[in-house]
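These notes concern the structure reproduced below.
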2 protein chains.
Amino acid sequence: MALEHALLVSLTEREGSGYELARRFDRSIGYFWAATHQQIYRVLRRMEESGWVTHTEVAQDGRPDKKVYRVSKAGRVELTRWLAEPIEPTTLRDELGVKLRGASLGDTAAVLREVERHRAEHATRLEVYRRIARRDFPKPAKLNGRELHQYLVLRGGIRAEKSFVDWCDEVVQALRSEGVR
Amino acid sequence: MALEHALLVSLTEREGSGYELARRFDRSIGYFWAATHQQIYRVLRRMEESGWVTHTEVAQDGRPDKKVYRVSKAGRVELTRWLAEPIEPTTLRDELGVKLRGASLGDTAAVLREVERHRAEHATRLEVYRRIARRDFPKPAKLNGRELHQYLVLRGGIRAEKSFVDWCDEVVQALRSEGVR
DNA sequence: CGTACCTATGCAACTGGTTGCACTGCACCC
DNA sequence: GGGTGCAGTGCAACCAGTTGCATAGGTACG
């Protein structure tokens with residue numbers, strides 16, 4: 001149940017509408033927990049039922065009204081509770097590994113192309129993350145508190161993407177030298 | 001829909017019962033796609049409805065009967081089809097990042113302990129994977145075909161765990177030097 | 001002798017997340 | 001004038017995966 005808590009974190013930092021949260025998630029927390037707007041709207045409603053957040057309707061001109069959510073006392077209590085609670089370490093989950101594992105049962109060359117495609121995609125993400133790091137945290141050694149934590153989360157994203165790209169390179173090289181084209 | 005195909009890969013290599021597949025998944029493909037026995041039983045039934053596998057009931061003495069599944073012609077066709085098809089690159093999904101991101105809103109020291117706990121868990125997995133690599137693939141440079149692909153999948157697991165452990169170390173160090181205990 | 005764990009399968013209920021679609025209105029580009 | 005895209009919320013249906021439980025005989029340990 002991390003989405004609830006990811007939203008609590010995000011809303012504690014700054015109140016916002018479902019739509020805005022969805023946009024924020026594309027960056028930042030989204031490196032570790034992606035979510036669609038549907039999911040976010042639904043969860044926000046559930047959170048309101050639980051009393052963790054409240055909303056106020058805000059009229060805008062030229063745009064549809066929005067519901068701005070804000071964390072309640074109970075929400076802050078819940079967030080601290082969750083933060084202190086242990087969670088299960090995650091296991092990797094990537095279809096590409098399954099494909100590679102079955103490569104010899106089909107068109108190995110097609111799997112190789114797929115690995116290259118994923119490599120490109122992850123390399124792009126890596127570049128995006130690195131650019132954000134340079135732009136938003138030019139002096140990482142001086143950070144502390146919330147900013148430091150944000151930076152470290154970004155570092156996690158960078159490390160994960162880097163490691164995936166390196167793995168793809170290893171795979172491509174190994175398949176190539178086996179004669180796959 | 002990778003579980004179906006993971007099972008097809010596994011069953012193509014060797015026929016087996018749901019239970020056996022669950023055991024096999026604990027190693028090997030499980031590094032990239034974990035599954036519980038419930039999930040496997042259910043999916044096997046669905047796959048049989050689709051005509052991808054057939055089963056024969058096998059009586060055993062001293063143990064319950066088992067249903068041994070085997071891939072059909074249609075199953076092999078489906079597997080090759082899927083192998084040639086592109087899939088979406090995955091995004092990271094780890095609650096720990098969410099917690100870290102929210103650390104300053106609760107007990108940062110507790111989050112630090114949690115990171116250390118996850119570090120230990122992932123380090124253990126890393127050791128397990130490395131041991132398997134040494135035992136099953138002592139001469140990786142000489143591999144090709146299915147064995148090479150198996151090895152590369154394992155390498156992916158190793159890289160992912162290594163990168164996670166390193167990240168945890170970075171986080172622990174950073175939090176420590178900010179004074180968190 | 002009881003407890004606990006292994007092999008083996010399965011149902012039922014639930015939770016979490018995705019996909020497709022609908023509606024409104026403005027801004028921008030060709 | 002038409003298409004695209006953004007801002008904003010939402011329903012309904014679906015798919016995937018988890019959790020708890022049940023059953024049943026076997027082995028191993030203290």
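- For the residue pair A:R24 / A:S10, a side-chain donor-acceptor distance below 3.5 Å is found, with atom types taken as modelled.
- Picking from D:dT9, C:dA8, D:dG10 the nucleotide with the shortest atom distance to the side chain of A:K67 gives D:dG10.
- Ring planes of A:H122 and A:H118: tilted class, angle from 30 to 60°.
- The base of C:dG16 is not paired with the side chain of A:Q38 by any donor and acceptor separated by under 3.5 Å.
- Pairing each heavy atom of A:G18 with each of A:Y41, the nearest pair is CA-CE2, 3.7 Å.
- Nearer to the 5' terminus of DNA chain C, by closest-nucleotide assignment, is the contact made by B:D65 (compared with the other of B:D65 and A:R63).
- Residues of residues 42-61 of chain B having a heavy atom closer than 4.0 Å to DNA chain D, listed by number: B:R42, B:R46.
- Put simply, the side chain of B:E114 gets close to the backbone of A:I87: a donor and an acceptor are under 3.5 Å apart.
- Counting heavy atoms from C-beta on, the side chains of B:H55 and B:V68 never come closer than 4.5 Å.
- Distances shorter than 4.0 Å separate some side-chain N or O of B:R93 from OP1 or OP2 on C:dG17.
- Hydrophobic clustering (side-chain heavy atoms under 4.5 Å, transitive across Ile, Leu, Val, Met, Phe, Trp, Tyr) keeps A:L126 apart from A:L96.
- Every residue two or more places apart in sequence or in another chain that forms a side-chain contact (heavy atoms from CB on, under 4.5 Å) with A:T91 is listed here: B:A34, B:R125.
- By the 30° and 60° cut-offs, the orientation of the rings of A:H5 relative to A:W82 is parallel.
- Residues of residues 29-36 of chain B that place a heavy atom closer than 4.0 Å to DNA chain D, in numerical order, are B:W33, B:T36.
- Remark: A:R81 engages A:E78, A:E85 in a side-chain hydrogen bond (donor to acceptor under 3.5 Å, both in side chains) (not counting sequence neighbours).
- Contacts between residues 2-23 of chain B and DNA chain C, defined by a heavy-atom separation under 4.0 Å, are made by B:S17, B:G18, B:Y19, B:R23.
- In terms of phosphate contacts, B:Y41 brings no side-chain nitrogen or oxygen within less than 4.0 Å of OP1 or OP2 of C:dG10.
- For the helix from C:dC1-D:dG30 to C:dC30-D:dG1, the angle separating the two terminal helix axes comes to 40°, with each axis derived from five pairs and the value rounded to 10°.
- Contact record, B:D65 with B:A59: OD1-CA, 3.7 Å, taken as the closest heavy-atom pair.
- In this structure, the nucleotide among D:dA16, D:dA7, D:dG10 sitting nearest to the side chain of A:H37 is D:dG10.
- Both A:F32 and A:V128 belong to a common hydrophobic cluster when Ile, Leu, Val, Met, Phe, Trp and Tyr are linked at side-chain heavy-atom distances under 4.5 angstrom.
- Annotation: B:Y31 is not in aromatic contact with A:W167 [ring centroid separation under 6.0 Å not met].
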